[in-house]
Trainee: 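Here it is, the structure in full.
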Amino acid sequence: MIILDENTKCVVQGITGKQGSFHTQSMLEYGTNIVAGTSPGKGGQNFQGVPVYNSIEETLEETEVNASVIFIPAPFAKDAAFEALSQLDTVVVITEHIPIHDTLEIVAYARENNKILIGPNTPGIITPGIGKLGIMPAHIFNPGDVGIVSRSGTLTYEVASQITQAGMGQSTCLGIGGDPVVGLDYSDILQRFQDDPETRAMVMIGEIGGNAEEKAAEFIAANIDKPVVAYIAGVTAPPGKRMGHAGAIIEGDSGTAQSKKTALENAGVKVADRPSQISELIKKLYKSS
Amino acid sequence: MIGMKIYEYQAKEIFKQEGIAIPRSKMVKNATDARQAAEEIGAPVAVKSQVLVGGRGKAGGIKFANNPEEAYEAAQKLLKMDIKGEMVYKLLIEEKLAIESEYYISVALDRSARQALIMASTAGGVDIEEVALRNPEQIFKVHVDPRQEFLPFLARDIARKMGVEGPLIPALGAVIFKIYRIFQKYDANLVEINPLVATSDGLVAADAKLDVDDDSLYRQKKLIHLQEGPMDEFAYVELDGDIAVIGNGAGLTLSGMDMLQIYGGKPATFLDIGGGASQQNIARALNLVLSNPQVKVVFLNVLGGITRADDVAMGIIDVMSRAERMVPLVIRLTGTNEEEGQRILKKAGVSFETSMEAAAQKAVEILDGIESKN
């Protein structure tokens, strides 16, 4: 397992909000170690037995949290993310639609200070049997030895549930986030799976747009020797909109499903044509190793 | 960060407010006003179609007129044009500049570097994408750290390194500094001037592109009124096939399209209902694709995370009982509250699948059945 393990003690930022309260309940039901929540002005209350504090600073005066999951609306998410990143090592930003200029600042700070930032716009992270920091439906996961990394939400659930149905399970499954700029990227996660003794194979799920998958392919070729299976959605999508001339100059020919598949195959990755093939490919790789 | 593009004449208005010189110009909507504008500005003028698609010039969307009558004629032609699928409703009548030299400058979000990228070139006015491919050394590029204050001296250094000399260094530096300020102030994905024209009166932005981050519009009060029509509820693209694909989440919806293709089907739509769609959202999504006469079968592919399968089922029943036009629906419904959702469908006699691939296959088989009858 990576990032989320037995030692993770989590605070929920925005625990009293609509999204925060709904998902806190679901995370608690799954057994996640949620030890605190924050909601400015509501310190001293409690939610489902979880104490609520006014800030991360106050939370740290009273508890030993080391991770945060953020359910704060987009206009206030930069503030919440900096509050968390300046005091904790692991931060999961579930919020979607954060202004990209805010995200640039959040991500720059996190990377410079070697923080584990997952998201924004992510379903979160789940280590089956340990807990989940996020919004994924827990029942489709099963403890196992396949690490899954994705920038999609529901497509990740599709793949994870098929792996579960095939009699296997996940060491950890996480979404890096669907926005064009995110904290940890594919390669950061793949390296962690490579170093994790409980992960035997990795699944990387991508989709059209940007060049994150191409960059990951280069990284895999140089650094990863555990088996990797990939799936890329959007083979049939027509070419998307471009960001004026500048977008085309920056990204060149990358971005199509074919460019991503080719790059991954050249890096020795098995690329599935459909989600149901992923578990078959993993089983084959297990037999041959 | 999907961008809201704004028209050239609107972008130029913003450039002007930020202290960048623009040509004398007027936006018009008919040929008579175009003639009038040409008279006021003083011929010769450029008559420029106002569209949001790129490659306008190559597509014939810009004409030049030596007198007001020619401007009238050019306007008549342009106002009937369809430029890459976009109808022309507005024209910008603009003084034709006496060009001494032309430059390219832009600030764009470079997603893989996670920073803004400034690009500047003395090879402006021509096809800059061609320059990037053939002579990449002619484009000077520099990233800007989002936490660093971008000061005027940095902009002047860029101007010097892109290859200009003398008074052009501070002059170009000032424009680069201003477009970076626009990039930040207006939450832009892209600010671009191509060409930036040197005239005897100084540097003038002959074109203007501004693409603004949709997710920032709530705090861009000056720009939000430029949004034409209501904001879209769904990510929706019409395609040339006959099976409508609806899904929750872009990745899953794309994957559904791909599965159709594997079984020999062709998608008619890409419609992502997003996360947490309500019964009403589902109903509106279904009605939207049903209103498309090209659609012969609907493939609804839902694996609920924050979307609840029971809400989806209620939305389906609602549309089936009331829709004016109905086609076969192939439903894949699993995930959060799936027992309840599937129970609702069963009770209403609606069949469903639990596997995306089985549902895609079924959608194609049903379509083949319809076509063999005809």
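The chains referred to below are lettered A, B, ... by the order of the sequence lines, with proteins before strands, and numbering in each begins at 1. Side-chain atoms are counted along with the backbone in the values below, which use heavy atoms only and exclude waters and symmetry mates. Not measured: the values here are computed from a predicted model.
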Trainee: Using non-hydrogen atoms and a 4.5 Å limit, figure out which bit of A:Gln162 sits close to chain B: side chain, backbone, both or neither.
Mentor: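 When you check distances to chain B, only side chain atoms of A:Gln162 fall under 4.5 Å.
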Trainee: What residue among A:Asp102, A:Thr103, A:Leu104 forms side chain to side chain contact (heavy atoms under 4.5 Å, CB included) with B:Pro146?
Mentor: A:Leu104
Trainee: Sort A:Ile205 into side chain, backbone, both or neither according to what part of it lies under 4.5 angstrom from a heavy atom of chain B.
Mentor: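 Neither; nothing under 4.5 Å.
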Trainee: Could you tell me which of A:His23, A:Glu158, A:Glu207 has the largest number of non-hydrogen atom pairs under 4.5 Å with chain B?
Mentor: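 Winner by heavy-atom pair count: A:Glu158.
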Trainee: Whether the side chain of B:Asp258 engages the backbone of A:Ala233 through a donor-acceptor N/O pair (distance < 3.5 Å, no angle test) should be reported.
Mentor: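 Checking the backbone N and O of A:Ala233 against the side chain of B:Asp258, no donor-acceptor pair under 3.5 Å is found.
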Trainee: Donor-acceptor pair, B:Asp213 side chain versus A:Pro99 backbone, under 3.5 Å?
Mentor: no
Trainee: For chain B, which of A:Ala212, A:Pro137, A:Gly178, A:Ser26 has the most heavy-atom pairs under 4.5 Å?
Mentor: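 The option with the most such pairs is A:Pro137.
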Trainee: Given a strict heavy-atom distance threshold of 4.5 Å, which part of A:Phe22 is in contact with chain B: side chain, backbone, both, or neither?
Mentor: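 Interface part for A:Phe22: neither.
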Trainee: Please classify the contact of A:Val182 with chain B as side chain, backbone, both or neither, using a heavy-atom distance under 4.5 Å.
Mentor: backbone
Trainee: Which heavy-atom pair separates B:Arg147 from A:Ala108 by the least distance, and what is that distance?
Mentor: NE-CB, 3.4 Å
Trainee: Using a cut-off of under 4.5 Å for heavy-atom pairs, which of A:Gln165, A:Glu112, A:Arg151 has the most such pairs with chain B?
Mentor: A:Glu112
Trainee: I need the minimum non-hydrogen distance between B:Arg111 and A:Gly209, along with the two atoms involved.
Mentor: NH2-C, 3.8 Å
Trainee: If you count heavy-atom pairs under 4.5 Å between each of A:Ile140, A:Ile135, A:Val235 and chain B, which one has the most?
Mentor: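 Maximum pair count with chain B is reached by A:Val235.
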Trainee: Would you check if the side chain of A:Thr154 reaches a backbone N or O of B:Asn248 as a donor-acceptor pair within less than 3.5 Å?
Mentor: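 Present.
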